2 protein chains.
Amino acid sequence: MALEHAILVSLLEKPGSGYELARRFERSIGYFWTATHQQIYRVLKRMEADGRLDVREVPQQGRPDKKEYSVAAPGRAALSQWLHEPIEPESVRHDLAVKIRGAAFDDPAALIREVERHHRAHSDRLAHYLAGELRDFTGPEAPGTSGTPGPPDAGQELQHVVLRGGIAYERMTLAWLDDVLATLHRLGAGH
Amino acid sequence: MALEHAILVSLLEKPGSGYELARRFERSIGYFWTATHQQIYRVLKRMEADGRLDVREVPQQGRPDKKEYSVAAPGRAALSQWLHEPIEPESVRHDLAVKIRGAAFDDPAALIREVERHHRAHSDRLAHYLAGELRDFTGPEAPGTSGTPGPPDAGQELQHVVLRGGIAYERMTLAWLDDVLATLHRLGAGH
DNA sequence: AGCTCCATGTAATCGGTTACATGATTAG
DNA sequence: CTAATCATGTAACCGATTACATGGAGCT
């Protein structure tokens, strides 16, 4: 039930409508959680009914009105409680790996195109993350930076470390996909 | 619906009972897919009803009898078809990242214990993977190995490259968790 | 005339998790 | 005597995916 918590975090960072949340889930929050608008609207309703969120109808000109959600005190409490509970380390779900092992019973070479597609997709994601890092965090720490003006705020630092995780994940994945491609080519050539 | 395909791959590698599959999902297949025995039994029944699997009752002494499943021709065809369909690159779901961003609205230092727990869990998994690599694939390629006897079989190679993916993932995760810990400590100290 | 963006929803289905249930054998 | 291993299942629930649905504003 971490979607609730992801929504609480996002709304604490900035209140917004269901639509806006859906867009955030396509961008920054998408580094670590995904959700579609259908899911989000349903959960927002439930959370509002439970008193964890406040809503405010915002009339707009030229656009449909929207409902702006923000975190109410019980929502903040719920998040805080969850933060203090231990959670299980993630288990992975990786379809592509199933395919790779399955290729032993089919034509391994036929997978090359697919793996190349994934490589391109992850490459794009990495570029997108790096652009975001440059935009929001003034790039990777230059070692020779003189006198940064005091400690940066905790929220920024924490967002940045999560983004660095996304970047590390994409880089690792790209390197692994290179390894997979080399293996598939070797199997094709050795045959 | 990749659980079906993971089961097909596993049963092609070696036929077995639901119980045995559940154990494999805790081990090697667990690198890229997880499933509990309840799930597995349900899916096995469905796949057998659909004619994708064959069953054989195997009486045993000293233990309960078991049902050994193996892949029937239509199952092999279904797998083959799936292998030729493109799939979407995975989207990540990472609770811990939600917590890290959420920590900005609570006490960041309180997360240190939790992150350390995750670090230990991933460290254990890495050790387990590395042991498996040594056992099943005679360790990482030694550069000075003279004359390996002909091309190794495709199945082995493909299982190995998937395992290398698991290893790379755990190493990347450990490095990131170090980064997270350093960040949390910095925030605690700078305060 | 057609497409995209903004904005919100309902309904059906399916996959996954959690809890409950049974029962024999073997090792500590 | 207790716990773990082998072996198989049912039932309830919940979260996620997919399809369907509406409707105005603004751009090309």
Side-chain angles (χ1 to χ4, degrees), chain A residues 1-8 15-27 29-30 32-50 53 55-69 82 85 87-95 98, chain B residues 1-8 15-27 29-30 32-50 53 55-69 82 85 87-95 98:
Chain A
M1 204 183 285
L3 175 56
E4 274 197 30
H5 302 116
I7 287 175
L8 287 170
S17 67
Y19 186 83
E20 280 159 0
L21 279 171
R23 305 217 62 213
R24 289 185 211 171
F25 274 91
E26 282 168 11
R27 296 159 167 277
I29 311 175
F32 53 86
W33 207 265
T34 51
T36 58
H37 78 274
Q38 292 91 335
Q39 241 185 108
I40 291 166
Y41 283 121
R42 205 159 10 97
V43 173
L44 283 174
K45 273 210 167 156
R46 191 180 65 215
M47 289 173 80
E48 194 219 325
D50 294 350
L53 297 181
V55 209
R56 199 168 58 96
E57 285 269 348
V58 179
Q60 300 186 118
Q61 71 275 48
R63 307 174 174 195
D65 298 352
K66 66 174 180 179
K67 297 182 187 167
E68 197 182 70
Y69 290 90
W82 178 69
E85 282 164 13
I87 52 173
E88 283 305 301
E90 308 292 302
S91 38
V92 199
R93 291 267 159 100
H94 207 11
D95 292 72
V98 181
Chain B
M1 205 184 285
L3 175 56
E4 274 198 29
H5 302 117
I7 286 176
L8 287 169
S17 67
Y19 186 84
E20 280 159 0
L21 279 171
R23 304 217 62 212
R24 289 184 211 171
F25 274 91
E26 282 168 10
R27 296 159 167 275
I29 311 175
F32 52 86
W33 206 267
T34 51
T36 58
H37 78 272
Q38 293 93 332
Q39 242 185 108
I40 290 166
Y41 284 119
R42 207 163 5 102
V43 174
L44 283 174
K45 273 210 166 158
R46 190 180 66 215
M47 289 172 79
E48 194 219 325
D50 294 350
L53 297 181
V55 209
R56 199 168 58 96
E57 284 270 349
V58 179
Q60 300 186 119
Q61 70 274 49
R63 307 172 175 198
D65 298 352
K66 66 174 179 177
K67 297 181 187 169
E68 195 182 70
Y69 290 91
W82 177 69
E85 282 164 13
I87 52 173
E88 285 303 302
E90 309 291 302
S91 39
V92 200
R93 291 267 159 100
H94 208 13
D95 293 72
V98 180

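For clarity, every value in this text was computed on a predicted model and none was experimentally measured. Chain A is the first sequence line, chain B the second, and so forth, proteins listed ahead of strands; every chain is numbered from 1.
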Would you confirm whether B:E20, through its side chain, and B:S17, through its main-chain N or O, come within 3.5 Å as a donor-acceptor pair? yes
Is any NZ, NE, NH1 or NH2 atom of the basic residue among B:K67 and B:E48 found under 4.0 Å from an Asp or Glu carboxylate oxygen of the other? no
Rounded to the nearest angstrom, tell me the gap between atom CZ in B:R23 and atom P in D:dC6. 5 Å
Check: B:R42 side chain, C:dT17 base, donor-acceptor under 3.5 Å: yes
Closest of C:dG16, C:dT8, D:dA7 to the A:R93 side chain is C:dG16
Of the candidate nucleotides D:dT5, C:dC6, C:dG9, which contains the atom at the shortest distance from the side chain of A:K67? C:dG9
So if I take every side-chain heavy atom of B:K45 and compare against C:dA7, D:dC6, D:dT10, which nucleotide ends up nearest? D:dT10
Atom CD of B:E26 and atom C1' of D:dA4: how far apart are they, to the nearest Å? 13 Å
In whole Å, I'd like the distance from the CD atom of A:Q61 to the P atom of D:dG24. 18 Å
Can you measure B:Q39 atom CD to D:dG9 atom P for me and round it to whole angstrom units? 16 Å
Per atom distances to the B:Q38 side chain, the nearest of C:dT8, C:dT18, D:dA7 is C:dT18
A:Y69 atom OH is separated from C:dA7 atom C1', nearest whole Å, by 11 Å
Whole angstrom value for the distance that separates C1' of D:dA7 from CD of B:E68: 14 Å
With nearest nucleotide decided by heavy atoms, which residue, B:P64 or A:V43, maps closer to the 5′ end of DNA chain D? B:P64
Between D:dA7, C:dG15, C:dT8, which nucleotide has the shortest distance from any of its atoms to the side chain of B:K66? D:dA7
How long is the line joining CD of A:E4 and C1' of D:dC14, in whole Å? 12 Å
From A:Q39 atom CD to A:T34 atom OG1, the distance as rounded to the nearest 0.5 Å: 7.5 Å
Are the side chains of B:D95 and A:H5 in contact, using a 4.5 Å heavy-atom criterion? no
Considering only heavy atoms from C-beta outward, does the side chain of B:I7 approach that of B:F25 to under 4.5 Å? yes
Respond yes when some side-chain nitrogen or oxygen of B:S17 is under 4.0 Å from OP1 or OP2 of D:dC6, and no when none is. no
Side-chain N,O (B:Q60) to OP1/OP2 (D:dC6) below 4.0 Å: no
Residue closer to the 5' end of DNA chain C, A:H37 versus A:R63 (nearest nucleotide): A:R63
Can you measure A:R46 atom CZ to C:dG9 atom C1' for me and round it to whole angstrom units? 16 Å
Between D:dC6 and B:Y19, is there an OP1 or OP2 to side-chain N/O distance shorter than 4.0 Å? yes
